[in-house]
Amino acid sequence: MREITYAEAINEVMCQEIEANEDVFILGEDIGIYGGAFGLTRGMIEKLGPEKVLNTPISEQAITGVAIGAALMGMRPILELQFSDFVTVAMDQIVNQAAKIRYMYGGKGKVPIVIRTPGGSGAGFAAQHSQSLEAWMAHIPGLKVVQPSTAYDAKGLFRAALEDDNPVIFYEHKLLYGMKDDVPEESYVIPLGKADIKREGKDVTVVATSIMVHRALQAAEELEKEGISVEVIDPRTLVPLDIETIVESVKKTGRAVVVYEAVQRGGYGAEIASVINEGEAFDYLDAPVVRLGGKAVPIPYNPTLEKKAVPQVEDIINAIKSTVVTYA
Amino acid sequence: MKKWFDKESLKQISLYEKGVSHMKTSTVGSLQKLGKERLKDLLYQMILIRNFEEAVEKQFMQGKIHGTMHLCIGQEPTAVGACAVLTNEDKITSTHRGHGHCIAKGSEVKYMMAELLGKETGYCKGKGGSMHIADLEIGNIGANGIVAGGLPLGCGAALTSKKKDLGFVVVCFFGDGATNEGAFHESVNIASAWKLPVIFFCENNQYGMSSSIKEMTNIENLADRASSYGIPGVTIDGTDVIAVMEETQKALDRAKNGEGPTLIEAKTYRWRGHSKSDARKYRTRDEEHDWMTNRDGIKLFKERLLNEGIITSEEIVEVEEKVKKVLDEAIEFAENSPEPSLSSLEEDVFA
């Protein structure tokens, strides 16, 4: 199979879906001739035209509302929010409008939009362009939240998100954009709410999201040399969450480490840890569930400090050892 | 028509010291063009809105309405005049003070009353309440509890109309307070840049909750803001239902011709407080009295119809009786409707 990058996979699926469905279009800032801040829409306006690739003013409230209003009228818009930090500017439309319209209206109307947005640190963009605020979105009833970690997953999950009749926040990661993977050319669906076991193991379950999946896999490889067998699970979607796959894994391994880039305090990892503690996996636990998230600091600019702010491979190794070795 | 803003009354009312001369009123002879039945219907709609609101207030006083409500008594001509030129295909977005818009767009008062009583038969199955009534089938995209929240949505609906060549126009209603929200400016700008078929309809009722718009902005007429977005702006007498119709029609024609949005500012007044618990300390009783006695859009319209010999007093009584009957039935329907089932709590979070 051919290898393409995460960014290319998303570009490809967007083009395929826009060409296949006349109700699908994309809007966003600098997505025209510029090709998007991270190049995700490169070549799209040339190929699909300005009707399908709608370059907007820098007005996050308005463009988010435009996407929602169009969705209510039967369109299926893709909205590119240039950085996921900008959800703060679009928050009213996402939280008070998109998420609640159907419920408030007693089941009338639907809002099928996909808000694609890059999150995460590591690219040197500092505090206002590097956050991981997915827990905010996952907290809101009425929103679905997707966080693909590979090019293959991104392509299939994107189509599922686009076919869903609800608002979906599709979190990409800046450091994943250049990562290559085997990706089929034809369009395919990976259903929302299906976790993926990225590596099988028997001693400990690591539930990791987005870029942390790759760091967890590296940690698992290192630990294999020391005789520790690590299972790595990528939930892929936070809402809906595939609780069953996580619970079954923990029942097998008896240990769980939850790794995420967002600030640890109040992050989505706390939800995953609670799901493990509250369910039938509890009886199988040989050690407390460990959370490993980012430090409670704004993301700093200096590259050394920036790395220190969020979990790295070494931190994950230490967290795994803390549960496997301490509770041997 | 009788001009309510004569020089004498202006001395007492500081609101219109300036800017009055720019305000558009309806043209002479406009009534004959519309015809009797249409005029009677305008009167019926306005009386229905006022009496609906009075009935809601009564229900509230009797403890039958949970939460709060925002009444639009005094603002009937804006809702009725603007919606009178629309078809079912055209859309509106509304506000927290939205009962009048719903009625004027054609929603049935019995389902509205049921919604206010939190009943299963209400427009939102009792789960939306006063601030979230929507009726998509007749083009009411919904009331909105967030000030200026409906404007971006209206632009999205209008974009769909334009993209798919559907021919409908969207009227976004909002109050004076909303013109200080970012969403207002972003929406007017984007609608102008893209020439969207939208009418931005500002019901300037003088107060955003307790705050006089005169203290919150440094311009006399909010319609002046249109010029900075490259669209026409017009200030009209919001108590003159015919003037509202005429200006909305112009904006509608412009939108349908692909020329883009218009900003209409209709000067009006909410007779009641902002919501249920408002002692109205921020304005004088004299000011209220003046609006209620000299600038009541329904009273002025009745007088005009009578003076021009279009309708008789008996016919007005007939209209009022028809309204009473419809409202009595609505209240009975709402009161006798079932409560929503407990299982509905978790329904409709997702489609």
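Numbered from 1 within each chain, the chains take letters A, B, ... in sequence-line order.
Only the backbone of Glu347(B) comes within less than 4.5 Å of a heavy atom in chain A; its side chain stays farther off. For a residue to count as touching a neighbouring chain, one of its non-hydrogen atoms must lie under 4.5 Å from one of that chain's; by this rule Phe168(B) touches chain A with the side chain only. Looking at Ala157(B), both its backbone and its side chain come within 4.5 Å of chain A, counting heavy atoms on both sides. Only the backbone of Ala143(B) comes within less than 4.5 Å of a heavy atom in chain A; its side chain stays farther off. Heavy-atom distances place no part of Lys100(A) under 4.5 Å from chain B, backbone and side chain included. Heavy-atom distances place no part of Thr64(A) under 4.5 Å from chain B, backbone and side chain included. Heavy-atom distances place no part of Asp164(A) under 4.5 Å from chain B, backbone and side chain included. Contacts between Ile141(B) and chain A at a heavy-atom distance below 4.5 Å involve backbone atoms as well as side-chain atoms.
Between Ser187(B) and Ala62(A), the shortest heavy-atom contact is N-CB, 4.2 Å. Residue Glu60(A) comes nearest to Glu186(B) through the heavy atom pair N-OE1, 3.7 Å, listed as atom of the first residue, atom of the second, then distance. Nearest heavy-atom pair, Gly142(B) versus Tyr105(A), reported as atom, atom and distance to 0.1 Å: CA-OH, 3.3 Å. Of all non-hydrogen atoms in Gly149(B) and Gln97(A), the two that sit nearest each other are CA-NE2, 3.8 Å. Here the shortest heavy-atom pairing between Trp194(B) and Asn55(A) reads CZ2-O, 3.8 Å. Closest approach of Lys163(B) and Lys52(A) over heavy atoms only: NZ-N, 4.3 Å.
Met73(A) places a side-chain heavy atom less than 4.5 Å from the side chain of Lys91(B). A heavy-atom distance below 4.5 Å is not found between the side chains of Met104(A) and Met131(B).
The most heavy-atom pairs under 4.5 Å with chain B, out of Ala99(A), Gly109(A), Gly107(A), come from Gly107(A). Of the listed residues (Glu115(B), Lys125(B), Glu137(B)), the one with the most heavy-atom contacts under 4.5 Å to chain A is Lys125(B). Chain B forms the most heavy-atom pairs under 4.5 Å with one residue out of Ala67(A), Gly142(A), Pro112(A), Gly74(A), and that residue is Gly142(A). Contact count against chain A (heavy-atom pairs under 4.5 Å) is highest for Thr160(B) among Ile133(B), Leu196(B), Thr160(B). Here Leu143(A) is the residue among Ile63(A), Val111(A), Leu143(A) with the most heavy-atom pairs under 4.5 Å with chain B. In terms of heavy-atom pairs under 4.5 Å with chain B, the best-connected choice from Ala71(A), Pro57(A), Pro141(A), Gly65(A) is Gly65(A).
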query: Would Gln93(A) and Ile146(B) count as a side chain to side chain contact (heavy atoms under 4.5 Å, CB included) if you check the C-alpha gap in whole Å, the side-chain angles of each, and the deciding distance to 0.1 Å?
result: CA-CA 10 Å; Gln93(A) 289 294 327; Ile146(B) 304 296; over 6 Å; no
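Using modelled atom types, no side-chain atom of Tyr123(B) and backbone atom of Gly106(A) make a donor-acceptor pair closer than 3.5 Å. The backbone N or O of Asp135(B) lies less than 3.5 Å from no partner atom in the side chain of Lys108(A), so there is not a single donor-acceptor pair. Using a distance-only test at 3.5 Å, with no hydrogens or angles considered, a donor-acceptor pair links the side chain of Asn166(A) to the main chain of Ala351(B).
In this structure, the separation between CD1 on Ile190(B) and CG on Leu27(A) is 7.5 Å, given to the nearest 0.5 Å.
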